[in-house]
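All remarks here apply to the structure that follows.
Just so it is clear: chains get the letters A, B, ... in the order the sequence lines come, proteins before strands, and each one is counted from 1.
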Number of protein chains: 2
Amino acid sequence: MSREADYLAGYDPSRFPALLTTVDMAIFCIRDGKLHVLLVQRASFPARGEWTLPGGFVDPTGDINLEATAGRKLTEKTGVMTPYLEQVCSVGNSTRDPRGWSITVLYFALIDQAAVAPGNADVEAVQWVPLEEALDQTLAFDHCELLRRATRRLRAKARYSALPLKLLPSQFTLAELQQVFEVLLGAKLERKSFRRRILSANLLEETGRLQPTSRRPAMVYRLIREVDEDFAFPGLIHSKPSEL
Amino acid sequence: MSREADYLAGYDPSRFPALLTTVDMAIFCIRDGKLHVLLVQRASFPARGEWTLPGGFVDPTGDINLEATAGRKLTEKTGVMTPYLEQVCSVGNSTRDPRGWSITVLYFALIDQAAVAPGNADVEAVQWVPLEEALDQTLAFDHCELLRRATRRLRAKARYSALPLKLLPSQFTLAELQQVFEVLLGAKLERKSFRRRILSANLLEETGRLQPTSRRPAMVYRLIREVDEDFAFPGLIHSKPSEL
DNA sequence: TAAATAGTGTCTCTCAGACAGTATGGG
DNA sequence: CCCATACTGTCTGAGAGACACTATTTA
């Protein structure tokens with residue numbers, strides 16, 4: 001075992017070719033009934049002035065793990081502290097970054113739009129963009145492809161999980177929740193079936209009554225137990241898949 | 001734009017703290033009606049002599065992308081060239097490797113046990129281990145946790161996708177296929193329901209007749225179209241989840 | 001009272017589970 | 001002929017879709 005200690009003492013990581021290692025994030029929220037994603041404008045080379053997903057290098061001295069890097073980036077850009085954060089995939093090759101062989105670990109975050117610190121987004125070159133526009137415009141590096149992957153994952157999960165809850169504040173009506181699902185799935189859902197499934201999952205509990213947004217007030221619900229990454233209820237998976 | 005070229009010419013990646021970047025693999029096959037995973041014994045420090053998942057450093061000069069690294073490792077250990085390969089997740093933190101902050105990208109591979117080159121496994125310190133044993137025994141680094149994650153992904157996919165097909169040769173009977181699903185799900189499936197779902201997915205076509213394994217011969221099927229990562233059929237998802 | 005949205009009753013259709021029945025081979 | 005396994009027929013119950021119905025608010 002002292003031989004292993006000797007080995008480690010003499011180990012020099014910089015002998016190996018350096019790989020650029022970053023974390024990139026697709027931060028989603030709902031605004032005006034549409035899915036939006038946060039984009040930032042690069043301040044320095046490479047791709048200076050172009051728009052990208054927020055992200056940056058892993059800091060081995062400050063970040064205890066990859067998720068901490070992602071959380072740090074998210075808080076820097078939005079002020080949100082405890083979002084839903086999920087790793088999507090990693091992409092690594094020799095061509096995606098002109099500086100050399102690079103790897104990025106892609107996360108997506110779901111946040112309640114109301115929880116975003118309003119100041120930051122105007123000071124920095126940061127903006128919320130409707131998803132379709134973001135996918136149309138040419139993002140730097142391979143960030144269009146990254147955004148597509150994050151979107152596909154999010155939409156797939158909307159078909160069988162309670163994940164879209166994370167795009168709402170802690171109290172909400174079923175109509176609001178249904179609308180979020182409809183935005184993600186790109187399809188209208190049957191009201192009765194939706195209520196049946198959501199309520200029979202024993203995920204929500206009633207509270208009081210709500211602001212009369214238009215006519216009859218709706219019951220306000222809150223989450224009764226935490227929605228983890230693996231939670232799935234049967235049913236929504238049968239909805240037809242949405243376009244793209 | 002020449003300023004960007006200047007920037008790139010003067011860019012030195014080694015200014016940044018080095019991160020150890022590896023790819024690890026959970027290579028699964030079915031042997032004797034049980035799910036097995038390939039383990040290797042480490043030949044050098046750190047953790048010399050201990051068992052791990054096969055894996056190794058990304059080679060920026062040889063591998064064009066992460067999947068190429070994974071494919072290279074797989075072929076080295078098994079001789080299999082075109083397996084089903086799927087990225088599970090990446091784990092990066094400061095504690096998982098004694099040499100420093102390290103990231104691993106985890107893949108799993110599904111192969112037909114009959115396609116494995118038989119020679120290699122005996123020469124090297126490589127062995128197929130029943131999954132339960134592998135999870136029980138103490139693997140080096142965080143490889144127990146990695147193996148658990150790969151297993152969870154595989155088992156989850158067996159509930160709604162046609163993925164388990166990749167554990168069989170190109171021709172197979174429905175009884176064999178059902179047995180693979182049962183092994184992965186850890187539960188008996190209803191024969192009639194299973195046949196209904198598989199056949200109504202229009203994935204298989206009939207061929208001729210088969211060896212009388214025991215009594216009445218069974219129809220041999222083959223895949224009619226490729227099963228990609230996202231293919232899902234309704235139904236199997238309702239099966240009760242298996243233990244662990 | 002009209003309009004608009006919240007929420008319910010209930011029919012039907014699809015499909016998975018169950019299980020008994022039939023088919024086809026080897027000993 | 002018996003047995004074991006392959007495969008089918010068919011009943012039943014759960015749950016999603018459809019849609020008309022009632023309830024409760026504002027204007």
Side-chain angles (χ1 to χ4, degrees), chain A residues 33 158-162 164 168 171-183 185-222 232-242, chain B residues 33 158-162 164 168 171-182 184-222 232-242:
Chain A
R159 293 178 63 208
Y160 62 87
S161 86
L168 287 175
Q171 310 232 337
F172 49 86
T173 68
L174 289 186
E176 290 166 341
L177 184 57
Q178 178 169 351
Q179 205 205 325
V180 172
F181 273 94
E182 288 174 345
V183 166
L185 294 173
K188 280 282 170 198
L189 297 178
E190 205 53 40
R191 193 165 20 131
K192 186 63 197 274
S193 309
F194 182 80
R195 300 175 69 87
R196 249 191 320 228
R197 278 190 303 242
I198 296 291
L199 294 177
S200 66
N202 284 333
L203 259 158
L204 309 183
E205 70 177 5
E206 302 186 351
T207 55
R209 282 213 173 257
L210 174 74
Q211 68 280 33
T213 332
S214 36
R215 303 295 175 165
R216 171 178 171 181
M219 176 59 70
V220 178
Y221 287 82
R222 80 163 75 86
F233 41 44
L236 239 26
I237 197 162
H238 291 130
S239 325
K240 293 183 208 75
S242 62
Chain B
R159 293 178 63 208
Y160 61 86
S161 86
L168 286 175
Q171 309 231 338
F172 48 85
T173 67
L174 290 186
E176 289 164 344
L177 184 57
Q178 177 169 352
Q179 205 206 326
V180 171
F181 273 94
E182 288 174 344
L184 293 183
L185 294 173
K188 279 282 168 196
L189 297 178
E190 205 54 40
R191 194 163 21 134
K192 186 62 195 277
S193 311
F194 181 80
R195 299 175 69 89
R196 248 191 321 230
R197 278 189 305 243
I198 295 290
L199 293 177
S200 66
N202 284 332
L203 262 162
L204 308 183
E205 70 176 7
E206 304 186 348
T207 54
R209 284 212 172 258
L210 174 73
Q211 67 281 32
T213 332
S214 35
R215 304 293 176 166
R216 172 178 169 180
M219 177 58 70
V220 177
Y221 288 82
R222 79 163 74 87
F233 41 43
L236 242 24
I237 197 161
H238 293 302
S239 324
K240 294 183 209 75
S242 63

**Request:** Using side chain to side chain contact (heavy atoms under 4.5 Å, CB included) as the criterion, list what pairs up with A:S200, not counting sequence neighbours.
**Result:** none
Please tabulate, one pair per line, each protein N/O and nucleotide N/O from nucleotides 1-6 of chain C that are separated by under 3.5 Å, including the distance.
unit_1 : atom_1 : unit_2 : atom_2 : d
C:dA6  : N3     : A:R216 : NH1    : 2.6

**Message:** Contact between B:I198 and B:F181 at the side-chain level, heavy atoms closer than 4.5 Å - yes or no?
**Reply:** yes
Euclidean distance, [Y] [atom2] relative to [X] [atom1], rounded to 0.5 Å:
X	Y	atom1	atom2	value
A:R195	A:L189	CZ	CG	13.5 Å
B:R197	B:K192	CZ	NZ	12.5 Å
B:L174	B:Q179	CG	CD	13.0 Å

**Request:** Identify the residue among B:L199, B:T173, B:T207 that makes a side chain to side chain contact (heavy atoms under 4.5 Å, CB included) with B:Y221.
**Result:**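 When side chain to side chain contact (heavy atoms under 4.5 Å, CB included) is applied between B:Y221 and each of B:L199, B:T173, B:T207, only B:L199 qualifies.
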What is the distance, to the nearest angstrom, from the [atom1] atom on [X] to the [atom2] atom on [N]?
X	N	atom1	atom2	answer
A:L199	C:dG7	CG	P	10 Å
B:L174	D:dT5	CG	P	17 Å
B:L185	C:dG17	CG	P	11 Å
B:R197	C:dA18	CZ	P	11 Å
A:E190	D:dC21	CD	P	16 Å
A:I198	D:dG15	CD1	C1'	15 Å
A:L204	C:dG7	CG	P	12 Å
A:Q178	C:dT8	CD	C1'	15 Å

Below 3.5 Å between N/O atoms, which protein atoms pair up with nucleotides 9-11 of chain D? Just atom names and distances, please.
unit_1 : atom_1 : unit_2 : atom_2 : d
D:dG9  : N7     : B:K192 : NZ     : 2.7

Checking [X] now: which residues fulfil salt bridge (charged side-chain N to carboxylate O under 4.0 Å, His left out) with it, not counting sequence neighbours?
X	result
A:R222	A:E205
A:E176	none
A:R191	none

